[in-house]
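Contents: one structure, followed by commentary.
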Amino acid sequence: MPELLNFDVAIIGGGIAGVSVARELSQYNVNVVIERHGDIGLESTSTNHNLVCQGGDALSFRPGTLHAELNVKSIPLWPRLADELGFPLKRVGGLWLIRDKADFRRYLRLYSRAFKSSLEPNAPYYIPEGSFQPLEFVDRKRLLDMEPYVTPNALGALYDPNLCITDPVKVAKALAENAKANGVEFLLNQEVTRIERQGITYSIYTRQGLVIKSTFVVNASGIEVDRIAEMVNARNFSIVPLKGTLTDFDEEVGRLISHEVHVLPRMEDMPHVRAVLPNIYGLARSGIYLELTYRSDRVIREEAINHNIKVAKELFPEIPFEKHIVKSFVGFMAYTNADTGWHDFVVDIPDYVPNWVNIVLGPAGVSASPMLGKKVVELLMQSGLKLEPKKGFDPRARKGVSS
Amino acid sequence: MRAPMHLTLDIARKMIDAMIRYAQDNRVMPGSFAVVDEGGHVIAAERRDDGLPATFDIAIDKAWTAATMKTSARVLEVITRGQGWRLNVKYNGRLTIIPGSVPVVSGNRVIGGIGHSGGSAEEDEAIAQAGLSAFYREDHIDFTGEDMLRSLRKVADAVINHVTGNKLRPVAITIVDEWGWPVLIYRMDGAPYGYIEVSRDKAWTAAAFKIPTDSVADKVGVNYGVGWNERLVTTAGGIPFNLRARYSQ
């Protein structure tokens with residue numbers, strides 16, 4: 001006889017998206033359950049540059065997309081979140097190298113858009129005063145002061161002082177622990193095999209023998225999001241798995257790099273990201289080498305590592321990166337609109353399936369997560385979830401989540 | 001395992017299955033699906049039950065456009081800035097800059113195209129993307145319903161089994177409805193693309209005269225097509241058939 005559990009909201013997936021929603025919901029009197037194969041934030045959450053608060057970067061996303069909206073609106077939320085939950089958030093700043101006139105023109109466009117779209121109070125995504133510092137162009141001399149080992153070919157750079165680094169896995173764990181301390185139940189090591197819908201009640205069956213009954217379901221299962229949605233015919237989006245390979249270098253290299261340094265991709269670079277940056281543990285990270293492939297394809301290819309080293313050498317020619325590799329790792333992100341390259345987030349209730357929210361984040365998903373939580377709670381309230389603020393909500397409390 | 005570098009009939013059928021499922025889940029009007037190779041030639045094309053006959057060739061043309069222009073119609077629409085009809089005229093009406101097609105990319109190379117016709121522009125586009133999504137999935141997404149299409153698939157499967165079982169040369173198979181409009185085209189792996197049109201012509205002839213194509217010369221008294229019946233073929237290869245379930249009293 002399977003064990004039967006009843007909840008108001010079930011969140012499938014314990015990545016950054018799932019725990020952000022859980023933490024937001026834990027402010028109200030609602031039971032929540034999160035389930036996940038192993039631990040918190042192991043999949044898409046851990047495969048990225050560890051950048052948040054993307055500042056000018058977020059402003060370069062296509063205006064009007066959810067991708068841009070959630071990222072820009074999240075910028076002012078990050079410092080408070082870091083303060084409440086006590087995870088490290090280090091402001092390193094980003095340097096976007098200018099190699100020639102064409103680069104300069106593209107950055108100028110970006111620069112003007114960054115101002116237009118956010119800093120005026122009637123702009124579409126207004127950012128409050130003080131939470132965003134303006135971008136500036138730095139010349140070659142100042143660039144070399146900031147990054148002494150950077151390539152001498154650079155004419156200058158666009159400097160974005162807003163860029164922060166953190167450890168997204170730590171962020172996800174902190175959010176999860178806080179949610180648990182505020183009454184959210186976590187079911188780890190539970191693999192969803194089947195979901196049935198009776199009217200507006202969902203029964204979620206797991207391979208480990210649990211049956212979870214719930215009125216609302218938030219499908220935040222990262223790269224498996226389409227498979228889970230198919231179980232209740234709730235797939236109204238398409239994703240392709242985007243495999244990313246990143247390479248970490250040791251402290252000796254990490255010491256020499258203090259900013260996120262990258263070049264805008266050009267046609268011939270596509271689709272790979274060319275960036276080198278420090279992480280909060282003192283290592284340096286390079287990548288991302290991107291591929292579209294099967295999601296079971298977890299092989300780390302030599303060409304990917306070579307590409308990451310080549311990119312690092314291009315940006316910092318004097319540093320012997322190839323002798324200081326710590327590890328390379330791969331992970332997957334869900335990517336929408338792969339045919340056009342116009343990626344966008346999906347945060348949506350499908351037309352024909354009630355009380356079901358699909359979340360697809362993909363690139364720049366971690367940065368957008370604080371606003372995502374609020375957005376999903378809003379969606380749930382619109383579709384009839386009754387929420388009463390909890391009296392004893394403690395934004396700083398922590399309680400261990402482990403399997 | 002890496003995603004495949006070439007499209008095969010099996011992969012194309014898998015993609016079409018996923019597209020049909022997506023269309024059903026999202027209540028899209030029945031239409032047609034096409035998957036073509038990198039040269040724009042059909043590998044598999046199917047029409048759902050009650051799909052409009054005209055959608056079949058539009059879907060193929062969309063897929064052809066995506067494969068040969070190596071980009072999706074949505075992008076073409078933007079970069080031609082409303083002047084796409086000029087290109088359409090230039091290409092004798094085949095180039096279709098209407099959303100609903102995506103190229104299939106594997107290893108940074110375009111290896112084919114997907115097209116759907118029958119819904120709104122947004123629906124067509126979403127369905128074509130569902131096909132691309134299925135290309136990057138190892139598992140098979142099945143659908144229910146579509147009884148007519150399922151029965152016709154069984155006929156096509158019987159042909160494929162016969163060809164592979166007897167080690168014959170790979171062929172192209174076309175099944176048309178009673179009015180001669182195609183419902184299904186499969187091109188087996190290794191079959192030259194020239195056979196696609198030949199098989200379409202034979203299927204049309206058999207359906208139009210309700211006799212096997214090789215007896216058309218004797219019974220109808222014509223041996224070449226002109227004007228309205230230029231699809232007419234009088235060599236063996238096309239046979240008419242009835243589906244009992246459809247016509248029984």
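Protein chains get the first letters and strands the later ones, always in sequence-line order, with residue 1 at the start of each. Heavy atoms only: backbone and side chains are in, while hydrogens, waters and symmetry mates are out.
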**Message:** If I measure from the heavy atoms of chain A, does B/Ile141 come under 4.5 Å with its side chain, its backbone, both, or neither?
**Reply:** side chain
**Contact origin within B/Ala126 toward chain A - heavy atom pairs under 4.5 Å** = backbone
**Asked** With a cut-off of 6.0 Å (strictly less than), are more than 12 heavy atoms of other residues, nucleotides or ligands near NZ of A/Lys310?
**Response** no
**Request:** Considering only heavy atoms and a distance below 4.5 Å, find which of A/Val240, A/Val353, A/Val299 pairs most often with chain B.
**Result:** A/Val240
**Pairing residues for B/Ala34 by the side-chain contact (heavy atoms from CB on, under 4.5 Å) criterion, not counting sequence neighbours** = B/Ala45, B/Ala59, B/Ile60, B/Ala63
Could you pull out every donor-acceptor pair under 3.5 Å between chain A and chain B?
unit_1: A/Asp226; atom_1: OD2; unit_2: B/Arg137; atom_2: NH1; d: 3.1
unit_1: A/Arg227; atom_1: NE; unit_2: B/Asp139; atom_2: OD2; d: 3.3
unit_1: A/Glu230; atom_1: O; unit_2: B/Arg21; atom_2: NH2; d: 2.7
unit_1: A/Glu230; atom_1: OE1; unit_2: B/Arg137; atom_2: NH2; d: 3.1
unit_1: A/Glu230; atom_1: OE2; unit_2: B/Arg137; atom_2: NH1; d: 3.1
unit_1: A/Asn233; atom_1: OD1; unit_2: B/Arg21; atom_2: NH2; d: 2.7
unit_1: A/Arg235; atom_1: O; unit_2: B/Asn26; atom_2: ND2; d: 3.0
unit_1: A/Asn236; atom_1: O; unit_2: B/Tyr22; atom_2: OH; d: 3.2
unit_1: A/Ser238; atom_1: OG; unit_2: B/Ala130; atom_2: N; d: 3.2
unit_1: A/Ile239; atom_1: O; unit_2: B/Ser133; atom_2: OG; d: 2.6
unit_1: A/Glu291; atom_1: OE1; unit_2: B/Arg2; atom_2: NH2; d: 3.3
unit_1: A/Thr293; atom_1: OG1; unit_2: B/Ala3; atom_2: N; d: 3.3
unit_1: A/Ser296; atom_1: N; unit_2: B/Glu138; atom_2: OE2; d: 3.4
unit_1: A/Ser296; atom_1: OG; unit_2: B/Glu138; atom_2: OE2; d: 2.4
unit_1: A/Glu303; atom_1: OE2; unit_2: B/Arg2; atom_2: NH2; d: 3.3
unit_1: A/Asn337; atom_1: OD1; unit_2: B/Gln129; atom_2: NE2; d: 3.2
unit_1: A/Asp339; atom_1: OD1; unit_2: B/Gln129; atom_2: NE2; d: 2.9
unit_1: A/Asp339; atom_1: OD2; unit_2: B/Ser72; atom_2: OG; d: 3.2

**Asked** Given a strict heavy-atom distance threshold of 4.5 Å, which part of B/Val78 is in contact with chain A: side chain, backbone, both, or neither?
**Response** side chain
